[in-house]
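Since the structure comes first, as structure tokens, the remarks are kept for the end.
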Amino acid sequence: MEALIERLEQAVIRLEQVSIKMQASNGMANGDCVNGINGGLSQCVEAFDLLLTGPVSDYLKNSRAIGDEVEKHAEMVNNALQTQRKFLKMASTHQQPSQTELADLLKPISDHIQEIQSFRERNRGSSLFNHLSAVSESIPALGWVAVNQKPGPYVKEMNDAATFYTNRVLKDYKERDRRHGEWVRSYLCIWTELQVFIKQHHTTGLVWSKTGPVAPPSLFDPVPSAPCPPPPPPPGPPPVFADEDPQPQADSTAAQHSALFAQLNQGMDITKGLKHVSDDKKTHKNPNLRSQGSPHHLPLAKSRNPGAGSSPNAAPQKRPPLLELEGKKWRVENFDQKHDLVIDETELKQVVYIYGCNNSTVQVKGKINSIIIDNCKKLGLVFENVVGIVEVINSKSIQLQALAKVPTISINKTEGCQVYLNKDSLNCDIVSAKSSEMNIMIPDGDDDYREFPVPEQFKTVWDGSKLMTEPTEIAG
């Protein structure tokens with residue numbers, strides 16, 4: 001059965017390639033032209049199509065095999081790549097527009113990138129979070145079209161950002177499910193092949209056409225060729241002659257002007273009509289009036305800002321606390337000053353997601369897949385067995401205590417984290433990035449611990465063949 005499915009997928013891939021070639025030839029035969037530009041595909045677009053029908057197609061297939069959030073994420077990536085193909089096709093037949101119009105053309109690609117990254121943020125509690133993070137951290141590589149000098153190294157940098165999370169995927173599923181390994185290889189292959197594509201066709205930046213018209217302002221609605229101008233409108237109705245003579249209005253305007261010039265010609269006598277202001281009403285002699293403001297300006301301020309009654313610095317509405325099981329995810333959110341939060345009905349496939357909790361303590365009993373702490377302050381977490389990872393991100397003053405085994409603890413963008421290990425968890429991996437004030441507490445005897453700070457400062461030297469990095473002495 002698997003062999004039959006594999007043959008069907010290969011047949012679909014071949015049909016897609018034939019369809020692309022037929023569309024290109026039909027465009028040539030039918031005179032598919034826009035603004036005088038022939039609709040045939042350039043070598044650049046044909047090379048990009050090979051990327052779509054090769055590595056991208058494999059990535060979509062492997063994502064569908066995993067399913068859930070990974071499959072949805074892959075569809076978003078495919079849509080972003082299709083939009084980039086449309087942009088490259090336009091660049092191959094049009095001249096480069098101004099910077100303002102170019103930014104408008106790039107906006108659809110930017111929107112795709114933001115959508116993909118937002119999807120990851122909305123699914124932080126997913127058991128496939130490392131898959132989503134690998135895609136989210138590397139998808140900005142599609143912005144290479146805006147890099148002027150060497151876009152190839154920029155794509156490689158984004159690819160390296162993905163490997164941090166793909167290595168986690170390989171480690172978590174190495175012995176359990178080979179589909180995830182195939183998924184990693186197919187996804188990273190997209191960016192590797194994109195670097196080859198850029199090196200062949202856009203080495204020093206995106207290449208625009210030198211002969212076509214200037215690119216239209218919209219990527220999805222190109223400006224059509226100008227039609228014939230419409231006929232002139234019919235003449236308007238004949239003027240209506242009023243019976244009244246407009247002379248009185250002209251006389252009134254002339255009288256107003258004469259009065260104005262007469263006042264100006266008074267010279268020094270023009271100030272006689274002003275009222276005297278006493279010292280107690282002068283703001284430069286009475287400081288109390290400065291803080292009160294001018295009463296004459298209050299109605300104007302109210303008329304200009306009708307919503308001035310609401311304070312712009314009003315505190316955001318606090319969300320209600322939440323502790324519930326949603327599918328396979330325990331959600332612990334928005335608790336404050338709560339120290340008796342206990343999760344005891346756990347299963348191996350479940351994950352715990354703790355978000356926005358302050359001055360609280362959470363205890364997780366039993367064996368669970370993973371635990372994530374996000375945007376919390378002064379939180380204590382006590383857990384037993386974790387088969388995946390315990391991750392702390394965007395938090396402050398966190399305390400973790402492992403009562404049994406945990407393979408990996410990750411600390412990212414966190415200020416202050418105390419990790420208490422026991423004898424069964426001494427061999428766990430502790431990964432940290434952009435964090436400070438981290439200490440690992442190692443058991444010493446029955447009820448005592450020894451404190452070991454995690455280095456925060458490093459020294460890197462070149463040994464002749466590679467870079468060598470090690471903690472500095474002052475880092476502990």
Side-chain angles (χ1 to χ4, degrees), residues 9 52 54-81 112-142 155-194 326-331 348-353 355 368-374 386-394 407-413 429 431 433:
E9 291 176 346
L52 297 177
V56 176
S57 179
D58 294 339
Y59 162 65
L60 292 173
K61 179 185 69 175
N62 293 324
S63 298
R64 296 188 188 104
I66 296 175
D68 297 333
E69 293 89 353
V70 171
E71 181 179 1
K72 296 177 182 178
H73 222 200
E75 292 299 331
M76 296 179 185
V77 174
N78 184 45
N79 293 336
L81 288 167
H112 280 300
I113 295 174
Q114 185 175 0
E115 178 190 20
I116 292 169
Q117 293 180 331
S118 299
F119 184 83
R120 188 271 297 264
E121 296 301 324
R122 294 195 304 268
N123 292 275
R124 280 193 167 273
S126 171
S127 59
L128 301 171
F129 181 70
N130 287 328
H131 300 68
L132 306 182
S133 297
V135 176
S136 180
E137 293 294 328
S138 56
I139 197 64
L142 295 181
V155 175
K156 183 180 184 303
E157 182 180 350
M158 297 297 102
N159 188 27
D160 294 341
T163 57
F164 176 80
Y165 291 97
T166 55
N167 288 340
R168 290 185 177 183
V169 174
L170 294 174
K171 181 180 178 181
D172 293 342
Y173 294 92
K174 182 178 181 181
E175 304 295 337
R176 292 191 292 164
D177 195 339
R178 293 183 178 180
R179 293 178 301 174
H180 297 267
E182 294 295 331
W183 180 89
V184 168
R185 282 186 283 274
S186 62
Y187 179 70
L188 295 180
C189 185
I190 295 176
W191 306 124
T192 303
E193 292 299 321
L194 182 60
E326 186 180 87
K328 298 179 181 179
K329 177 172 68 174
W330 283 97
R331 295 176 58 188
L348 183 60
K349 295 183 179 181
Q350 294 176 350
V351 299
V352 176
Y353 179 59
Y355 176 82
I368 203 164
N369 185 281
S370 61
I371 302 175
I372 298 175
I373 299 175
D374 185 9
V386 175
V387 298
I389 185 175
V390 176
E391 183 172 8
V392 183
I393 185 171
N394 293 327
T408 306
I409 296 177
S410 175
I411 307 171
N412 296 318
K413 299 179 182 179
D429 297 334
V431 182

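As a basis for the values below, the full set of heavy atoms in this structure was taken, side chains included, without hydrogen atoms, waters or symmetry mates. On a predicted model such as this, the values are computed, not experimentally measured, just so you know.
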### Message
Test your reading of the model: is there a side-chain donor-acceptor pair from R331 to the backbone of E326, 3.5 Å cut-off?
### Response
no

### Query
How far apart are the closest heavy atoms of L170 and G181, and which atoms are they?
CD2-CA, 3.8 Å

What side-chain donor-acceptor pairs closer than 3.5 Å can you find for residues 161-168, not counting sequence neighbours?
unit_1 : atom_1 : unit_2 : atom_2 : d
T163   : OG1    : D160   : O      : 2.5
T166   : OG1    : A162   : O      : 3.3
T166   : OG1    : T163   : O      : 3.1
N167   : ND2    : T163   : O      : 3.1
R168   : NH2    : S410   : OG     : 2.8

### S127 and N369: CA distance, side-chain angles, deciding distance, side chain to side chain donor-acceptor pair (under 3.5 Å) verdict
CA-CA 8 Å; S127 59; N369 185 281; 5.9 Å; no

### Query
After noting the C-alpha distance and the side-chain angles of I372 and V351, does the key distance pass the side chain to side chain contact (heavy atoms under 4.5 Å, CB included) rule?
CA-CA 8 Å; I372 298 175; V351 299; over 6 Å; no

### Query
Are I139 and Q117 close enough, and set up right, to give a side chain to side chain contact (heavy atoms under 4.5 Å, CB included), and what steps lead you there?
CA-CA 8 Å; I139 197 64; Q117 293 180 331; 4.2 Å; yes

### Query
Out of curiosity, I373 CD1 to E391 CD, how far, rounded to the nearest 0.5 Å?
10.0 Å

### Task
Drop me the distance from E75's CD to R64's CZ, to the nearest 0.5 angstrom.
5.5 Å

### Task
Mind running side chain to side chain contact (heavy atoms under 4.5 Å, CB included) on Y353 and W330 for me, showing each step along the way?
CA-CA 6 Å; Y353 179 59; W330 283 97; over 6 Å; no

### Message
Go through it in stages, so that I can follow the logic: the residues are D429 and K171, the test is side chain to side chain contact (heavy atoms under 4.5 Å, CB included), and I'd like the CA-CA distance, side-chain angles, deciding distance and then a yes or no.
### Response
CA-CA 12 Å; D429 297 334; K171 181 180 178 181; 2.6 Å; yes

### Task
Considering only NZ, NE, NH1 and NH2 on the basic side and carboxylate oxygens on the acidic side, decide whether E182 and R185 come within less than 4.0 Å.
yes

### Message
Please report the interatomic distance CG(L188) to OH(Y59), rounded to the nearest 0.5 Å.
### Response
10.5 Å

### Query
Are the side chain of S57 and the backbone N or O of G54 linked by a donor-acceptor pair below 3.5 Å?
no

### Task
Can you establish whether the number of heavy atoms outside K329 located under 6.0 Å from its atom NZ is more than 12?
yes

### Query
How about K61: does its NZ atom have over 12 heavy atoms from other parts shown lying under 6.0 Å from it?
yes

### Query
When rounded to the nearest 0.5 angstrom, what distance separates CD1 in I116 from CG in L132?
11.0 Å

### Query
Any salt bridge between K328 and D68, counting N to O under 4.0 Å?
no

### Task
Can you label the angle between the H131 ring and the Y173 ring as parallel, tilted or perpendicular, going by 30° and 60°?
perpendicular

### Task
List the atom of P407, the atom of V386, and the distance in Å for their closest heavy-atom pair.
CD-O, 2.9 Å

### Message
Contact between L142 and W191 at the side-chain level, heavy atoms closer than 4.5 Å - yes or no?
### Response
yes

### Task
Measure across R120 and F129 and return the closest heavy-atom pair with its distance rounded to 0.1 Å.
CD-CE1, 3.3 Å

### Message
For the aromatic rings, using the six-membered ring if either is Trp, is the centroid distance between H73 and Y187 under 6.0 Å?
### Response
no

## Note on the structure
Here the gap from L128 atom CG to N123 atom CG, rounded to the nearest 0.5 Å, amounts to 9.5 Å

### Query
Out of curiosity, E115 CD to N79 CG, how far, rounded to the nearest 0.5 Å?
7.5 Å

